[in-house]
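Proteins come first, then strands; the chains are lettered A, B, ... in the order of their sequence lines, and each starts at number 1.
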Amino acid sequence: MKFEILHKDTKSSARAGRITTDHSTFETPIFMPVGTQGTVKSVHQHDLKNDINAPIILGNTYHLYLRPGTEVLSEVGGLHKFMNWDRSILTDSGGYQVFSLSENRKLTREGASFRSHIDGSKHLFTPENVVDVQRTIGADLIMAFDECTPWPCDMKYADESLNLTHHWLDRGWEHFKNSGPAYGHEQAFIPIVQGSVYKELRKKSAEKIASLGAEGNAIGGLSVGEPVEDMYGMIEIVNEILPDDRPRYLMGVGTPVNILESIERGVDMFDCVMPTRNGRNGMLFTSKGIINIRNRKWMNDFSPVDEMNHSVVDMQYSKAYLRHLVIAGELLGAQIATMHNLAFYLWLVREAFNQIRKGEFTPWKINMVKELSTRL
RNA sequence: GGGGAGAUACCAAAGUGGCCAACUGGGGCAGACUGUAAAUCUGCUGUCGCACGACUUCGGAGGUUCGAAUCCUUCUCUCCCCA
């Protein structure tokens with residue numbers, strides 16, 4: 001992975017950059033749609049590429065390991081070929097599932113033993129085999145195996161969890177360096193800062209992560225329920241330490257406002273299920289604010305979904321029609337809402353890139369935050 | 001023409017003397033969702049104050065009873081079977 005900074009904002013920590021992997025080149029800040037099981041739910045790869053124009057998407061180690069499994073992925077030559085996606089892929093390591101499926105797993109120094117949510121079968125993830133699975137998936141960007149700490153979480157737990165995450169990191173990093181790409185294209189390893197909402201732990205973790213000299217660095221364990229001020233505070237502390245010349249990836253974030261605030265604090269990469277999941281549930285993100293398309297007030301509103309026209313669906317369909325589809329439970333409703341939301345998110349980060357280059361990021365951001373917080 | 005069954009809130013459907021403003025499902029309305037066990041989940045859904053409470057409801061009318069959606073009489077309507 002190559003990363004170059006094209007422009008640094010003078011009034012904030014925001015930067016406009018460019019990342020290149022063997023599968024795609026794209027400007028940062030970037031938003032990466034989540035495609036857990038080898039699909040961004042309800043969107044064709046064709047639309048993801050041609051309409052939404054996503055240069056990179058996520059996959060998930062846990063889900064793909066359980067189904068279809070590494071044998072299939074290895075035989076076909078990786079996820080890119082399997083799902084017919086020729087741009088970049090980043091895989092999450094399963095660290096988030098350690099958090100979200102916490103009733104079904106047990107953490108040890110060795111790794112995380114867990115039960116499949118599909119059939120209850122027992123499995124063990126270790127920092128090493130999680131790298132192997134991601135190599136087999138063929139991800140361009142491989143995430144370290146970590147524990148995404150829950151919130152609230154006392155300092156003692158956070159400290160012990162951080163030690164475990166760092167121990168796993170050393171092993172995963174070592175294993176990564178001692179193994180090679182599965183299909184010829186380059187694969188980069190990204191370590192993850194943890195430490196919950198504790199400044200000292202975050203600093204310690206950021207220093208540890210910075211010391212590795214990885215090609216990119218991530219911040220995890222945020223937006224798990226803590227107040228947003230805590231999240232922003234942790235980002236500031238961590239980004240002072242993480243190297244400036246490597247992309248910074250804030251995992252799992254977030255709302256359009258979260259993203260702009262984090263860009264201002266020096267974050268370059270984002271992913272979140274919000275535009276896809278919330279879209280399927282009838283929430284639309286627009287430059288004028290948030291719409292719950294299921295609300296009665298849209299019943300007779302035959303204006304376009306979004307006049308800003310971020311996606312082809314925006315002008316083709318009306319709010320009233322989309323409301324009808326979503327309320328009727330029609331699949332096309334989920335599809336249109338998802339396409340709109342993803343296109344909007346991609347537009348938002350692209351616009352942030354443009355504003356940073358123009359040197360007008362902060363005033364633009366202040367205005368956008370106000371608009372984006374509105375409930376329409 | 002003869003015989004039988006039934007009418008409950010927006011719809012469907014429980015309830016057959018007090019624990020019923022009335023189970024449940026649907027529909028409707030609103031909310032939640034942040035490295036996806038999510039095309040999911042939660043709440044509200046007679047009226048008024050919307051917490052405690054008050055008031056009007058179970059086809060219409062009348063009656064029995066301390067008390068009726070529940071029992072009786074009658075009227076209206078619906079459905080099924082046989083001619």
Donor-acceptor pair under 3.5 Å: do we get one between A:Asp146's side chain and the base of B:G35?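 Checked by distance alone, the answer is yes.
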With a 3.5 Å cut-off and just heavy-atom distances, do the side chain of A:Arg294 and the base of B:G31 make a donor-acceptor pair?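 Indeed, a donor on one side and an acceptor on the other fall under 3.5 Å apart.
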When the [atom1] atoms of [N] and [M] are considered, how many whole Å apart are they?
N	M	atom1	value
B:C41	B:G26	P	10 Å
B:G3	B:U8	C1'	27 Å
B:G31	B:A38	P	24 Å
B:U70	B:C19	P	14 Å
B:A9	B:A21	C1'	10 Å
B:G67	B:A51	C1'	29 Å
B:G4	B:A12	P	27 Å
B:G46	B:A39	P	31 Å

How would you label the contact of [X] with the nucleic acid (heavy atoms, under 4.0 Å): base, sugar-phosphate, or nothing?
X	answer
A:Ile327	sugar-phosphate
A:Glu103	base
A:Arg375	sugar-phosphate
A:Asn292	sugar-phosphate
A:Asn295	sugar-phosphate

If each of A:Arg323 and A:Gly59 is mapped to the nucleotide of RNA chain B with the nearest heavy atom, which maps nearer the 5' terminus, i.e. the 5' end?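 On the 5' side of the pair lies A:Arg323.
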[N] - base-pair partner by Watson-Crick or wobble geometry, distances under 3.5 Å:
N	value
B:G6	B:C77
B:A38	none
B:C44	B:G28
B:G18	B:C66

Ring-ring centroid check A:Tyr62 A:His123, cutoff 6.0 Å: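 Not close enough - the centres of the two rings lie 6.0 Å or further apart.
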A:Met32 and side chain to side chain contact (heavy atoms under 4.5 Å, CB included): which partner among A:Tyr249, A:Phe270, A:Tyr345?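 The residue from A:Tyr249, A:Phe270, A:Tyr345 that satisfies side chain to side chain contact (heavy atoms under 4.5 Å, CB included) with A:Met32 turns out to be A:Tyr249.
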[N] phosphate, OP1 or OP2: any side-chain N/O from [X] under 4.0 angstrom?
X	N	answer
A:Arg280	B:C41	no
A:Arg296	B:A30	no
A:Gln37	B:U36	no
A:Asn60	B:U36	yes
A:Gln97	B:U36	yes
A:Arg277	B:G35	no
A:Ser100	B:A37	yes
A:Thr36	B:U36	yes

One pair to check against side-chain hydrogen bond (donor to acceptor under 3.5 Å, both in side chains): A:His167 and A:Arg171. What are the steps and the verdict? CA-CA 7 Å; A:His167 169 68; A:Arg171 284 167 47 195; 3.2 Å; yes
Using side-chain hydrogen bond (donor to acceptor under 3.5 Å, both in side chains) as the criterion, point out the one residue from A:Lys81, A:His23, A:Gln45, A:Lys49 that pairs with A:Asp86.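 Answer after filtering A:Lys81, A:His23, A:Gln45, A:Lys49: A:Lys49.
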A:Leu348 and A:His310, any side-chain heavy atoms less than 4.5 Å apart: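 No - every pair of side-chain heavy atoms lies 4.5 Å or more apart.
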Stepwise salt bridge (Lys or Arg N to Asp or Glu O under 4.0 Å) test for A:Arg202 and A:Asp230: CA-CA 12 Å; A:Arg202 284 284 172 182; A:Asp230 286 352; over 6 Å; no
